[in-house]
Amino acid sequence: MEYILECKALTKRYESNLALDAVDLRLAPGRIIGLLGPNGSGKTTLIKLANGLLTPTAGEILIDGQKPCAQTKAIVSYLPERNALPEWMRVKQVIDFYADFYADFRRDAANAMVAQLGLEPTQRIKTMSKGTKEKLQLILVMSRKAKLYLLDEPIGGVDPAARDYILRTILSNYSEDATVLISTHLIADVEQVLDEVIFLRNGRIELHESVDAIRDERGKSVDALFREVFRVDGRSND
Amino acid sequence: MGWTFREDLPIYSQLVDEMTRAIVSGAYAPGERLPTVRDLALDAGVNPNTVQRALSELERSALVYTQRTAGRFVTEDRAVIAQAREQMAANKINEFLHEMDGLGFTREQIGALLAAQPKKDN
């Protein structure tokens, strides 16, 4: 079996703080996977390691069998936690920018989604609301025909209409042989689109299971299980 | 987006129930072509793999069949649909009786309560 993402004893230490502690993880292609855990559990660190934005302190991370490099970046589409679009650009310019950078960028798909969102090609990023910027960035990320999508907290706020838009955009654009990793702490909002979930706590994997198995065997939702597992958390962090 | 799901059951089995209900009630007619996996997934707001699993289950129970290039269809075999409908009724009745047992009603009392219900004609 080929894994799209594989971690072997992956460790990341920031000075005295152990952000990831010997994580072993294998993700199969064609899955939508939730990376769940409270703030500070290591979600963003794992995603940044997968993107080559950080380097491991020990162990390794492989994307489609390779260490993060130019070839892996060509097959990974990354949505950072914060807005990374240049504020001075216009809609048309960011689309050109993405099309220049990524061979797998589907310009037609991006144009169609931008139009559907009611954005003019000449509109500047800096004139947009926070929510619109988030949607535009997601459109760009999902317009790539990537093998692995790494979405760091795509669901920011609590606006249910925005959440629906985001989930719908993900579901209708990823290709079926691609894997989508979604990090979030809002589990109830994404649970029904997930195949499997990973619970991270203090840099370790607490659980990695299919959503159906959790419901089948434990008779409860992932959200309920998460609240049970992490009930006492917060006390251990300080 | 999507349908509402219970917390304590796998989503695919709730999809199977929902689609079985749509078939036995005639919302999907015998022989009708079903939407694609992706369209169903978007409509229900769930993962396409989950829809795939639910459809495989429906194929196993012969309510749905696949025609290689044309897609998935509701069975034309009305006996299969009638049987699924009866099965669904039996499940509902079991649930109901279980509840009523819990409330301490005898079968006789339940029968009397049902008989006292106003008639619904359709």
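A note on names: the letters A, B, ... follow the listed sequences, proteins ahead of strands, and every chain is numbered from 1.
Scanning both residues, Q192(A) and F5(B), for their nearest heavy atoms gives OE1-CD1, 3.3 Å. Nearest heavy atom pair, residue S172(A) against residue L42(B), reads CB-CD1, 3.8 Å. The minimum heavy-atom distance between N47(B) and V193(A), with the atom names listed, is ND2-O, 2.8 Å.
Atom CD of Q109(B) sits in a crowded spot, with more than 12 heavy atoms from other residues, nucleotides or ligands closer than 6.0 Å. Around the NZ atom of K133(A), the shell of radius 6.0 Å holds more than 12 heavy atoms that belong to other residues, nucleotides or ligands. Other residues, nucleotides and ligands place no more than 12 heavy atoms under 6.0 Å from the NZ atom of K92(A). For Q67(B), the CD atom counts as densely surrounded, since its 6.0 Å shell holds more than 12 non-hydrogen atoms of other residues, nucleotides or ligands. Under a cut-off of 6.0 angstrom, the local environment of CZ in R85(B) is sparse, with at most 12 non-hydrogen atoms contributed by other residues, nucleotides or ligands. For E99(B), the CD atom sits in a loose shell: 12 or fewer heavy atoms of surrounding residues, nucleotides or ligands are nearer than 6.0 Å. Few gaps surround CZ on R72(B); more than 12 heavy atoms of other groups in view lie less than 6.0 Å from it. Shown here is Y65(B), whose OH atom has more than 12 heavy atoms of other residues, nucleotides or ligands within 6.0 Å.
In this structure, the side chain of E7(B) does not engage the main chain of A224(A) through any donor-acceptor pair within 3.5 Å. At least one donor-acceptor pair under 3.5 Å links the side chain of N49(B) to the backbone N or O of G30(A).
Between P48(B) and L171(A), some side-chain heavy-atom pair lies under the 4.5 Å cut-off.
Contacts of Q52(B) with chain A are absent, with no heavy-atom separation under 4.5 Å from either backbone or side chain. Of the atoms belonging to R6(B), it is backbone heavy atoms, and not side-chain ones, that fall under 4.5 Å from chain A. Residue contact with chain A, scored on non-hydrogen atoms closer than 4.5 Å, involves the backbone and the side chain of I11(B) alike.
The stretch residues 207-216 of chain A places D212(A), R215(A), D216(A) near chain B, each with some heavy atom under 4.5 Å from a heavy atom of that chain.
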